[in-house]
Amino acid sequence: MIEIAVVRNNAPEVVEKLKVKNFDASGIIERLQQVDAERRQTQKELDDMLSEGKTLAKDIGRLFKEGKGEEASELKERTSVIKQKTKVLQEQLNNLSREQNDLMVQLPNLPHESVPAGNTVEDNIIVSSHGSLPQLHDAALSHWDLAKKYQLIDFEWGNKITGAGFPVYKGFGARLQRALIAFFLDEAIEAGYTEYQPPVLVNEDSAFATGQLPDKDGQMYHIPLDNLYLIPTAEVPVTNFFRDTILNEEDLPVKSTAYSLCFRREAGSYGKDVRGLNRLHQFDKVEIVQVTHPEKSYQALEEMVEHVSMLLKKLELPFRVARLCGGDMSFAAALTYDMEVYSAAQKRWLEVSSISNFETFQSNRMKLRFRNKQGKNELAHTLNGSALALPRILAALLENNQTEKGINIPKVLQPYFRTAMIQ
RNA sequence: GGAGAGGUGGCCGAGUGGUCUAAGGCGCACGCCUGGAAAGCGUGUAUACGUCAAAAGCGUAUCAAGGGUUCGAAUCCCUUUCUCUCCGCCA
């Protein structure tokens with residue numbers, strides 16, 4: 001969530017900026033200002049009352065010790081009044097704090113000044129394009145047909161044992177997945193990220209901290225018996241490593257990478273968008289996460305875009321980079337770049353990575369701070385990006401590299417894949 | 001799943017109703033001492049909210065979390081949670 005001080009000091013600016021995200025914050029902000037002022041007033045009154053009670057309790061204790069029981073009893077009468085009042089004030093304060101918090105979590109993150117206004121993908125800005133679009137022969141197949149032809153993926157088996165959106169990879173398909181994961185992790189490690197294998201189930205606190213709760217409740221698989229959530233991305237566990245943590249300034253940036261399974265309910269999706277590997281309930285992804293100094297976060301964002309670009313170039317896939325417009329951005333992001341590869345048989349751009357700077361939005365929720373040079377604690381910035389999501393990379397690789405003889409494997413994957421062509 | 005023992009500052013660890021404003025130790029920082037270092041000595045060393053233009057200072061809360069008893073709770077009671085040990089199950 002954004003910081004209360006920002007609301008307190010720049011309310012009109014907050015409302016203005018959130019318009020870029022198509023969010024009308026005026027009502028919430030107005031109420032917040034009232035609640036914040038009342039809360040502070042109440043806290044002051046309560047603190048004073050508690051202070052008086054504390055002093056009295058000490059006096060009473062002292063008097064008892066000195067054997068002046070009668071004087072002590074007189075003081076006791078005053079304490080009952082104080083008790084009554086503190087109880088009422090405490091309750092008021094709790095209510096106000098709760099209301100303030102409820103309002104705060106409804107506010108999306110403020111967009112960076114470079115975020116274009118707009119509602120849909122049409123309003124996203126294509127920042128750059130790389131590589132040339134492959135020309136396929138007339139008999140070119142979609143990746144789901146190729147998967148069948150070469151026995152790479154069995155969608156039917158997945159359907160049978162679980163349901164739609166849970167494919168079974170087999171043979172060269174499974175091996176290609178394994179090769180990609182190893183390649184992505186090795187590249188991330190090379191770029192200075194530390195590798196982790198996180199849990200794929202997280203608790204409520206973790207899901208809240210990175211912003212999945214309460215905003216995207218229905219998008220995650222939930223296990224009620226233990227109140228745990230299946231992660232939609234490794235961002236959730238990895239960023240939460242640093243929940244309630246105060247880092248040293250010299251430890252920044254903290255760069256982490258993790259391969260994990262990801263689970264998304266994708267409620268309401270249907271049609272050709274979800275055909276084949278285009279949209280799954282369970283998929284594989286290597287994620288990169290950074291915790292940075294606030295002054296370095298946009299530099300880190302560029303670096304992450306560069307990293308993912310490098311991966312796509314090495315995989316010889318044509319891709320483009322889009323800066324998302326306000327309406328297309330997530331609740332928690334301040335600035336997001338999407339990376340899209342061209343899938344030649346489908347003739348579509350597929351989103352394979354989303355790289356975002358959350359500034360202090362997540363760190364404020366999870367109390368992730370660092371001790372700055374002045375010795376004060378300051379919220380760090382968090383960022384993350386896919387590097388990369390497997391299924392659509394797989395789709396593009398299969399479609400773009402198909403020939404009459406078989407499917408070519410990019411050079412960079414061959415050491416991992418141990419074969420140059422799927423036949 | 002059953003039984004038992006626990007959760008105290010960055011860490012170890014004392015503390016069973018009233019200067020707990022949490023002993024002591026370790027670590028860390030600064031200073032003294034030293035040719036330099038070590039040892040020694042001294043000082044300091046949490047987080048949040050509030051107050052203040054800000055800092056300092058001050059107030060309040062925090063001894064796993066929440067509630068209760070009491071004039072007063074780290075300490076007593078209840079609930080929850082987590083960790084450890086043993087048993088059971090188990091890759």
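Each chain gets a letter, A, B and so on, in the order the sequences are listed, and its residues count up from 1.
Using P as the reference atom, rG17(B) and rC76(B) are 8 Å apart when rounded to the nearest Å. Distance check on atom P: rC86(B) versus rC30(B) gives 45 Å, rounded to whole Å. Between rG72(B) and rU62(B), the two P atoms lie 13 Å apart (nearest whole Å). To the nearest whole angstrom, the two C1' atoms, one in rC26(B) and one in rG9(B), are 13 Å apart. rA38(B) and rA74(B) are spaced 40 Å apart, taking the P atom of each and rounding to whole Å. Spacing between rU47(B) and rU8(B) at atom C1', rounded to whole Å, works out to 16 Å. For the C1' atom pair drawn from rA64(B) and rG7(B), the interatomic distance equals 6 Å after rounding to whole Å. The separation of rU21(B) from rU79(B), taken at their C1' atoms, amounts to 31 Å, rounded to a whole angstrom.
With sequence neighbours left out, R39(A) forms a salt bridge (charged side-chain N to carboxylate O under 4.0 Å, His left out) with D36(A). Y196(A) pairs by the side-chain hydrogen bond (donor to acceptor under 3.5 Å, both in side chains) definition with nothing, not counting sequence neighbours.
rU16(B) is unpaired under the criterion used here, namely a Watson-Crick or G-U wobble arrangement in which both key atom distances are under 3.5 Å. Across the strands present, rC11(B) finds its partner in rG25(B); the criterion is a Watson-Crick or G-U wobble pair with both atom distances under 3.5 angstrom. rG6(B): Watson-Crick or G-U partner is rC82(B), with both key distances under 3.5 Å. In this structure rG1(B) sits in a base pair with rC87(B), meeting the Watson-Crick or G-U test at under 3.5 Å. Nucleotide rU62(B) has rA46(B) as its partner under the Watson-Crick or G-U criteria, with both atom distances under 3.5 Å. Under the Watson-Crick and G-U wobble criteria, each requiring two contacts below 3.5 Å, nucleotide rA74(B) is left unpaired. Base pairing analysis places rA55(B) opposite nothing; no Watson-Crick or G-U wobble pair with both distances below 3.5 Å involves it.
Of the two residues contacting RNA chain B, namely K76(A) and L50(A), the nearest-nucleotide position lying further toward the 5' end is that of L50(A). Closest-nucleotide positions on RNA chain B for R369(A) and A57(A) were compared, and the one nearer the 5' end corresponds to A57(A).
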Which pairs would a plain distance check flag for residues 406-423 of chain A, meaning a side-chain donor or acceptor within less than 3.5 Å of a matching protein atom at least two apart in sequence or in another chain?
residue: Q414(A); atom: NE2; partner: I409(A); partner atom: O; Å: 2.9
residue: Y416(A); atom: OH; partner: D186(A); partner atom: OD2; Å: 2.6
residue: T419(A); atom: OG1; partner: R175(A); partner atom: NH1; Å: 3.4

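Looking at T86(A), its side chain does come within 3.5 Å of a backbone N or O of K83(A) through a donor-acceptor pair.
Contacts of I82(A) with the nucleic acid, taken as non-hydrogen atoms under 4.0 Å apart, are absent. Residue D59(A) is classed as having no contact, given no heavy-atom separation below 4.0 Å to the nucleic acid. I60(A) comes within 4.0 angstrom of a base, heavy atoms only. Within 4.0 Å (heavy atoms only), R39(A) reaches sugar-phosphate atoms of the nucleic acid but no base atom. Among the heavy atoms of the strands lying under 4.0 Å from K54(A) are primed sugar atoms or P, OP1, OP2 only; no base atom is included.
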Exercise. Would you sort out whether Q290(A) and E303(A) count as a side chain to side chain contact (heavy atoms under 4.5 Å, CB included), showing the intermediate values?
Key: CA-CA 11 Å; Q290(A) 289 208 33; E303(A) 176 196 314; 3.3 Å; yes
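First and last contacting nucleotides of RNA chain B toward chain A (any atom under 4.0 angstrom from a heavy atom, 5' to 3' order): rG18(B) to rG72(B).
Sorted by first and then second residue, the side chain to side chain donor-acceptor pair (under 3.5 Å) pairs with a member in residues 148-166 of chain A read D154(A)-K170(A); sequence neighbours excluded. Residues in residues 280-297 of chain A take part in these salt bridge (charged side-chain N to carboxylate O under 4.0 Å, His left out) pairs, two or more places apart or across chains: K285(A)-E287(A).
More than 12 heavy-atom neighbours from other residues, nucleotides or ligands sit within 6.0 angstrom of CD on E3(A).
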